[in-house]
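In what follows, chains are A, B, ... by sequence order, proteins preceding strands, each numbered from 1.
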Amino acid sequence: DTAVSQTPKYLVTQMGNDKSIKCEQNLGHDTMYWYKQDSKKFLKIMFSYNNKELIINETVPNRFSPKSPDKAHLNLHINSLELGDSAVYFCASSQDLAGAYGYTFGSGTRLTVV
Amino acid sequence: RKEVEQDPGPFNVPEGATVAFNCTYSNSASQSFFWYRQDCRKEPKLLMSVYSSGNEDGRFTAQLNRASQYISLLIRDSKLSDSATYLCVVLAPGYSTLTFGKGTMLLVSP
């Protein structure tokens, strides 16, 4: 029973397209996140949501729009994809906003823009 | 100074060796500390939390030095399956998020 699940696992698309990545957690956690891991393997926070409310929005182009229909789901929509968007996108969740017990990550979505 | 700094490695060690990684963090008010492990093409997984008093989990020992702002991870009796990237992770106070170091790669050979 997967705790944090993301779909799709792989996504190959052309520049200029719009795509979405979905994330669901069944841990009953209040807080969810999107992280981006680039080719240099650096994990960087993009967004965090707590009980459907946006808490953190790092310096991310506004082509990226997260949506949280309920606290168990956090989706990421990307408009007008660019080559530089190619990366692995990880969804994660934590018990609460404090995150003192660490995060549980999904298995990642490997996005390749061609 | 980067928020969380680690030696990227790789550290190449034979099976059975003891290996230690260090990590430094810049925000002196940071409250929670973790070591995560990431296998190639997989997600990061929590290895252990790091407590002020130091803590041990089997072959793994984590230490925190708040005065010097560094965290360490010691792995004893290395196994082939320990080969992975070890990520030092810090949580700043307030409604912050986990900040990850770039990771230290460990390669354990037979």
Is A:Y33 reaching over with its side chain to a backbone N or O of B:T97, donor-acceptor style, under 3.5 angstrom? no
Should we count CD of B:E56 as having more than 12 external heavy atoms under 6.0 Å? yes
Assess the pair B:F100 and A:Y35: is the distance between their ring centroids shorter than 6.0 Å? yes
Pick from B:G101, B:S32, B:P44 with the largest number of heavy-atom pairs that fall under 4.5 Å of chain A: B:P44
Is there side-chain contact between B:Q38 and A:F105, with at least one heavy-atom pair below 4.5 Å? no
Taking atom CD of B:E43 and atom CD of A:Q6, what is their separation to the nearest 0.5 Å? 8.5 Å
NZ on A:K40 to NZ on B:K102, rounded to 0.5 Å: 6.0 Å
Proximity breakdown for A:L43 and chain B, heavy-atom pairs closer than 4.5 Å: both
Chain B shares the most heavy-atom pairs under 4.5 Å, among A:S94, A:S48, A:S107, with A:S107
hydrophobic_cluster_shared for A:I45 and A:L74, side chain cutoff 4.5 Å: no
Other residues, nucleotides and ligands only: do more than 12 of their heavy atoms fall within 6.0 Å of NZ on A:K71? yes
At a 4.5 Å cut-off on heavy atoms, which part of B:F33 comes close to chain A: side chain, backbone, both, or neither? neither
Single-linkage hydrophobic cluster, 4.5 Å side-chain cutoff, A:L83 and A:Y10 together: no
Are A:I78 and A:V88 linked, directly or through other ILVMFWY residues, by side chains that come within less than 4.5 angstrom of each other? no
Should the heavy atoms of other residues, nucleotides or ligands under 6.0 Å from CZ of B:F60 be counted, would the total exceed 12? yes
Can you say whether A:F90 sits under 4.5 Å from chain B via the side chain, the backbone, both, or neither, judging by heavy atoms? side chain
Go through B:F34 and A:Y103 one step at a time and tell me if the side-chain contact (heavy atoms from CB on, under 4.5 Å) criterion holds. CA-CA 10 Å; B:F34 309 89; A:Y103 300 174; over 6 Å; no
Contact origin within A:E58 toward chain B - heavy atom pairs under 4.5 Å: neither
Same cluster or not: A:I55 versus A:M32, using hydrophobic residues (I, L, V, M, F, W, Y) connected whenever any side-chain heavy atoms lie under 4.5 Å apart? no
Is it the backbone or the side chain of B:L46 that comes under 4.5 Å from a heavy atom of chain A, or both, or neither? side chain
Spell out, yes or no, whether B:W35 and B:V90 are grouped together once hydrophobic residues are joined by side-chain heavy atoms under 4.5 Å, including indirect joins. yes
Should we count CE of A:M46 as having more than 12 external heavy atoms under 6.0 Å? yes
